[in-house]
Chemist: 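This is the structure, below, for whatever I ask next.
Sequential numbering from 1 along the given sequence is applied to the chain's residues. Note that ligands are numbered from 1 as they come in the structure, with each ligand's atoms numbered from 1 the same way.
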Amino acid sequence: MTDTTAVGQTTGRNPAAPGAARTVASAVPAALVARLAQGVTATGEPELVHTTAPLTGERLATLPQSTPADVEVAYQLARRAQKAWAALPVRRRAGVLLRFHDLLLKRQDEVLDLIQAETGKARLHAFEEVLGAALAARHYGRKAPSYLRDRRRGGAMPVLTHAIEARRPKGVIGQISPWNYPLELSVGDALPAFVAGNAVVNKPDTQTALTALWARELLIEAGLPADLWQIVIGDGPVIGPAVVEHADYVSFTGSTRTGREVAQRAAARLVGASLELGGKNALLVLADADLDKAAEGAVRACFSSAGQLCISIERLYVHRSVAEEFLRRFAERTSALRLGGGLAYGADMGSLVSDRQLETVTRHVEEAVKAGATVLAGGQARPDLGPLFFEPTILDGVTPGMAVCGEETFGPVVSVYRFDTEDEAVEAANSTTYGLNSSVWTKDARRGRAIAARLHTGTVNVNEAYAAAYGSVAAPMGGMGDSGLGRRHGSDGILRYTEAQTIATQRMLPIAPSLGLDDEKFAALFTTSLKALKVLRFK
Ligand code: NAD
């Protein structure tokens, strides 16, 4: 496909998206790529790497690659910059985030083009990233002073011991990010690290490095010292270990397989790590659900960013009494989605990102169909629209032996199952080693929350697909089980980038025999004191 017209999925009845004439090449000119490439930490005469635009298969960018030695240089530069940055008052650092928020909203079109060009997703789904990063910037810009302030704690002895808990920055954070949400998972996760007084050495996925480099430029414009955010580019297995090797803390987002390896390396060095990993997320449609809203929500849940979203839904459980009607509405809406590659709003779903993704999606669907599954919507690649398009697909009759049943597809494919009782639905939803996100649809919100409490996932959305929990940036977000360790967002999302330090100051008397008391009398006095403190309800 050489133009960027949004094309109707099967019938061609959908209108072309406005602005369809803008091509990837005109939106991401060579001069812009060359300018952004200067932000890569790569010394000497680096090897070059090329990326292609998923929407069209055209050459997109040529970038310098960093070596493991460059990663070391990046840490040295970051470490030097971090000392002065950490010495600034937290409100000064927070001011950078708030200015970044405003600049991002003002200049969003620039990054929407980049995200679409690098990932192939629809503009609406690219906008979700702007939204996520802006929410994180505002939240941590406003709340960081409170999250990070010294807190008075009860001392060993009332009055005699004054104790405070302080938060110190870890130092330099090693951050490794995937390609699927390149703005959100680079700058979005780095913002709390910066405001807590850290520097960051970030290895984005090469395919989506331009987006991270653009965000770095914008953050520098907002006031971040340039050396504080180092970006290194290269193959994960080649430079990823070096990123972990020098980090004071590791923030990793990607597959469970790589996450385990990263965790082992971090553990060997005794540095902490947060791991945001894969999922096989479930959506439950209860018998009392509003079926139109549930069908709309399921479309968003399954096909946003062409299903290349860690919290998107790949298993859909529907109460048998409403299954036929719900599936009719869901399949109808799914078949009407407009696939398109225009660099403008208008398409409902874009393309996959890579041959590897297309291969997995095709294999999961073809194997399932061969083994007896039925296609309720979609089911085909769409090379007529672009090299990596695949129709949003609903499968029925999926059984445990099929890869699509238990493995993460990470594409626009959902399998539907029917249930009779709530217990059965909860058990089925929990029958996976993953535990990232889930979604429950019911008119009874209280019942939805009660079911949520029984689901083994880090986030649960009641009457929404994923955006309610993800967008609630004041609350933690992350995975249970094989979906990860630690949380982004909320207090967890910033405190993970800090070390707790307790400073206790003893006054008047030591916590030891004194004033002529021998050891035995001291022990007796303390025993009496402990009993009294409990009676007086000291904590
Ligand atoms: P991936 O694990 O292949 O790659 C992620 C990052 O790790 C990339 O930057 C890659 O270059 C790097 N990497 C690869 N090998 C490495 C190694 N040996 N050491 C260090 N770094 C290495 O994952 P992917 O396919 O790019 O991303 C998709 C996966 O990410 C899916 O499983 C998805 O569910 C998950 N994901 C999770 C979240 C979340 O918040 N839980 C968000 C987005 C994506």
Chemist: Would you tell me whether Thr393 and Glu391 have side-chain atoms, one donor and one acceptor, within less than 3.5 Å of each other?
Modeler: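 Looking only at side-chain atoms, Glu391 and Thr393 do not form any donor-acceptor pair under 3.5 Å.
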Chemist: Keeping to residues at least two apart or across chains, list the ring pair (Phe, Tyr, Trp, His ring centres under 6.0 Å) pairs with something in residues 464-493.
Modeler: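 Pairs touching residues 464-493 that pass the test: Tyr470-His489.
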Chemist: Could you pull out all residues at least two apart from Lys170 that satisfy salt bridge (Lys or Arg N to Asp or Glu O under 4.0 Å)?
Modeler: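 Expected list: Glu499.
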Chemist: Show every donor-acceptor pair shorter than 3.5 Å between a side-chain atom in residues 224-239 and any protein atom, with sequence neighbours excluded, or say none if there are none.
Modeler:
unit_1	atom_1	unit_2	atom_2	d
Gln230	OE1	Thr41	OG1	2.7
Gln230	NE2	Asp227	O	2.8

Chemist: Should Glu128 and Lys121 be marked as a salt bridge (Lys or Arg N to Asp or Glu O under 4.0 Å) after you check the CA-CA gap, both sets of side-chain angles, and the distance that decides it?
Modeler: CA-CA 11 Å; Glu128 285 185 355; Lys121 65 174 74 176; over 6 Å; no
Chemist: Under 3.5 Å, N/O to N/O: give me all the pairs between ligand 1 and the protein, one per line with atom names and distance.
Modeler:
unit_1	atom_1	unit_2	atom_2	d
ligand 1	2 (O)	Ser255	N	2.9
ligand 1	2 (O)	Ser255	OG	2.6
ligand 1	2 (O)	Thr258	OG1	2.7
ligand 1	9 (O)	Ser177	O	2.8
ligand 1	9 (O)	Lys203	NZ	3.2
ligand 1	11 (O)	Lys203	NZ	2.9
ligand 1	18 (N)	Glu261	OE2	3.1
ligand 1	23 (O)	Ser255	N	3.3
ligand 1	25 (O)	Arg356	NH2	2.9
ligand 1	26 (O)	Trp179	NE1	3.0
ligand 1	30 (O)	Gly254	O	3.2
ligand 1	32 (O)	Glu408	OE1	2.7
ligand 1	34 (O)	Glu408	OE2	2.6
ligand 1	40 (O)	Arg488	NH1	2.8
ligand 1	41 (N)	Leu277	N	3.1
ligand 1	41 (N)	Leu277	O	2.7

Chemist: Are the charged groups of Glu359 and Arg363 less than 4.0 angstrom apart, N to O?
Modeler: yes
